[in-house]
Participant: 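The structure follows.
When reading the values below, keep in mind they use all heavy atoms of this one structure, side chains included, and skip hydrogens, waters and symmetry mates. Below, chain A is the first sequence line, B the second, and so on; all start at residue 1.
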Protein chains: 2
Amino acid sequence: MRRPTLEAVAARAGVSRATASRVVNGQTTVAPHIRDAVLRAIDELGYVPNSAARSLVTQRTDSVALVVSEPGTRVFSEDPLFSTAIRSALVELEAINKQVVLMLASSPKSHARVERYIAGGHVDGVMLLSMHGADPLPSALSRLRVPVVSYGRPAVPVDIPFVDNDNVGGAEAGVRHLVETGRRRIATIAGPQDMIAGQDRLAGYRNVLRDSDRRSIVAVGDFTRESGAVAMRQLLGDDPGLDAVFVANDLMAVGALQSLRQAGRRVPDDVAVVGFDDIEAAKYTEPPLTTLRHPMMEQAAAMVRLLLNLFEGGPTDPIILPTELVVRESS
Amino acid sequence: MRRPTLEAVAARAGVSRATASRVVNGQTTVAPHIRDAVLRAIDELGYVPNSAARSLVTQRTDSVALVVSEPGTRVFSEDPLFSTAIRSALVELEAINKQVVLMLASSPKSHARVERYIAGGHVDGVMLLSMHGADPLPSALSRLRVPVVSYGRPAVPVDIPFVDNDNVGGAEAGVRHLVETGRRRIATIAGPQDMIAGQDRLAGYRNVLRDSDRRSIVAVGDFTRESGAVAMRQLLGDDPGLDAVFVANDLMAVGALQSLRQAGRRVPDDVAVVGFDDIEAAKYTEPPLTTLRHPMMEQAAAMVRLLLNLFEGGPTDPIILPTELVVRESS
DNA sequence: ATCTCATGAGAGAGCGCTCTCTCATCCATT
DNA sequence: AATGGATGAGAGAGCGCTCTCTCATGAGAT
């Protein structure tokens, strides 16, 4: 009934437990015929090592926590960026044989839960998918002396390796594109200003407007579609004459497009729209959305590499990946 | 340097390891002043139980695997249904203090990986997020005698408790709605026919058409936006006179709307469109999409309940949750 | 023929915890 | 005063594995 142990394998193969262990762990100091006997026993008994016992002695768990620190539940399910990031990380971690424990850190309560879990030594490392600036998690975790890498530059200056895309540069490219196509009154729907991505993309917008001698027109959303729609209505109220809007993410851009449609503005004839992220849905909006693409798979891969380096002592400098302007019909 | 053990806590509190363990595990047979002493020691030392040691003796891991068995990588990242399901399950499992190990079972290779992992006794149970009929995983897992519940009725008749929504009933309601609003030539974009959801929703469509004496016009997609767009073009080629289309999921409906737009058809004037799932994006299409809602949170909760019953011996009958027609402007 | 040394295999400690058994203590009962 | 039963706490086995240490064996060197 119970799963076979190494002891059973050893007994069946007529060797000691130590030798069986050597075979299981691929040590080479075992004579071929003995190794074969052990392998046969393993096969016949359907032996699978007990991981609890193993990690009890090795002090490793071969698993990492993927902590999604996102207070707004809506964003997690709706922003495909999250699932893309998760999937990418999953694929990369599978490749190096690490299990992934997925955890939500939304409320302070779940926050404590995560900390306790990590402190419990359940995982060898942590990948943080968090963006909120005030997030106490990065510093809390780094205090636990657990290897931590972050997706997105942590807002508080904490010494955690991270991967990010070039938010400022991307925003600049997007707004510059609007300037170069002759738009005069370029508004922006900024992301939440307690997120680095929100701040940086707004900074990029301001940089270009300043240089091109235009006035900035700003509304702030929270990266949800709904907030994009609301912000767009607000912008149209503030400045009915605007002829372009740079939206800090595609999800809000979708909302903005809806509001523009409802207000009777044609895109791109009356108002040009540029988003950020290049989510799949950007191809399917009416009209398809001009946006800034950043390679999620590569970012996930970079994160995993950073974590590995943290384990094994390689370089852990932050990695900033470039963005690429994808021009579609909304601009 | 090393994390404190129960032994250290006991020593500091001046009690035996057994007593310290009693306090940690909340047993009541400890005198208050001793319990306080132990708690103080725990606090001072920052003690956290070693889970490997614990599960070595208890034979429990307090974690469950969430296996996403989806060959198409696109669907996982794009279909918000997946992330919603994952988030919901996560929330529900957190509530009962289970960790969640997320695994992808796309390739045969990762398949083997998952099986090995589950067989390794790393988890107390498995939640399967799978839809492909030919999926060998359900039967493979149930053979391992691990508690398994499935989201979506398994295609092969395997004795696994599952949760699903009423796909047939929902499809019927959607198509009936089209009939009742006077549509005559109602096509469908069906889902992949190796998925139960694909089959059942097509069955529902056929049921109503048969009863209302209409001819069925069918194209098949794979639940992706892209395939919806392709299928819609195909339907328009097959029967330019169609005046309604029931699409087996919202993602494909988004693609279909795009194709209809490109073909110059007005929605709903020329062609009515009904989707399925009520994803967030359905509110933001042009025009907003009529669709069938099924409560993801409740389904996740039901799954967790089933799993719990599997652990503790409660009822494990399949749970089928109703769907609800949400009428918007596309019909 | 003796000694040295690499090689392969076993013995056994110990990782940190839970849980059963055992035992001491104390209060209520006769 | 003697007994019985709660009650609370300790001793110690053991979960399944890894890994160091030890030892037996045989090949090569002297």
Participant: Just N and O in the side chain of A:Ser21: are any of them under 4.0 Å from OP1 or OP2 of D:dT18?
Facilitator: yes
Participant: Confirm from the modelled atom types if B:Arg3 and C:dG16 form a donor-acceptor pair under 3.5 Å, side chain to base only.
Facilitator: no
Participant: So do B:Leu102 and A:Leu66 actually touch side chain to side chain, heavy atoms under 4.5 Å?
Facilitator: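 When only atoms from C-beta onward are counted, B:Leu102 and A:Leu66 do not touch, as no gap falls below 4.5 Å.
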Participant: With a non-hydrogen cut-off below 4.0 angstrom, is B:Val15 in contact with a base, only sugar-phosphate, or nothing?
Facilitator: sugar-phosphate
Participant: Side chain of B:Leu56: nearest nucleotide among D:dG16, C:dT18, D:dT18?
Facilitator: D:dG16
Participant: Distance check needed: D:dT7 P versus B:Arg35 CZ, whole Å only.
Facilitator: 16 Å
Participant: Could you tell me whether the phosphate oxygens of D:dA9, OP1 or OP2, come under 4.0 Å of any side-chain nitrogen or oxygen in B:Thr19?
Facilitator: no
Participant: Starting from C1' on C:dG16, measure out to CZ on A:Arg54 and report it in whole angstrom.
Facilitator: 18 Å
Participant: Over how many whole Å does the gap from A:Asn25 atom CG to D:dG16 atom C1' extend?
Facilitator: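 A:Asn25 atom CG is separated from D:dG16 atom C1' by 13 Å.
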Participant: Would a 4.5 Å heavy-atom cut-off, applied to side chains only, mark A:Tyr151 and A:Asn165 as touching?
Facilitator: yes
Participant: By nearest heavy atom, map B:Ala53 and B:Arg22 onto DNA chain D; which one lands nearer the 5' end?
Facilitator: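 Final value for this comparison: B:Arg22.
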Participant: I want to verify a distance call: between C:dA9, D:dT18, D:dG10, whose nearest atom is closest to the A:Val57 side chain?
Facilitator: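 Looking only at side-chain atoms, A:Val57 lies closest to D:dT18.
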Participant: Return the nearest nucleotide to the side chain of B:Gln59; candidates are D:dC15, C:dG8, C:dG16.
Facilitator: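 Nearest listed nucleotide: D:dC15.
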Participant: What closest approach, in Å, do B:Gly26 and B:Arg35 show between heavy atoms, and which atom pair accounts for it?
Facilitator: CA-NH2, 4.3 Å
Participant: I need the CZ-P distance between B:Arg60 and C:dG16, as an integer number of Å.
Facilitator: 20 Å
Participant: Rounded to the Å, how far apart are A:Arg17 CZ and C:dG14 P?
Facilitator: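 One finds 14 Å between P of C:dG14 and CZ of A:Arg17, rounded.
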Participant: Output the rounded distance in Å from CG (B:Leu6) to C1' (D:dA11).
Facilitator: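 Those two atoms, CG and C1', are 14 Å apart.
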Participant: Looking only at the side chain of B:Val30 (C-beta and beyond, no hydrogens), which of the listed nucleotides D:dG16, D:dT18, D:dA9 gets closest?
Facilitator: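 For the B:Val30 side chain, the nearest candidate turns out to be D:dA9.
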Participant: Ignoring hydrogens and angles, state whether a donor on the side chain of B:His294 or B:Gln299 is under 3.5 Å from an acceptor on the partner side chain.
Facilitator: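 The criterion, which ignores hydrogens and geometry beyond distance, is satisfied for B:Gln299 and B:His294.
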Participant: D:dT18 P sits how many Å from A:Gln27 CD, rounded?
Facilitator: 10 Å
Participant: Between B:Ser16 and D:dG10, does any side-chain N or O lie under 4.0 Å from OP1 or OP2?
Facilitator: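 Affirmative; the distance criterion is met.
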Participant: When all nucleic acid strands are considered with a 4.0 Å heavy-atom cut-off, which category describes A:Ala18: base, sugar-phosphate, or nothing?
Facilitator: base
Participant: In whole angstroms, how far is the P atom of D:dG14 from the CG atom of A:Asn50?
Facilitator: 18 Å
Participant: Hey, does A:Val24 have a side-chain heavy atom less than 4.5 Å from the side chain of A:Arg54?
Facilitator: yes
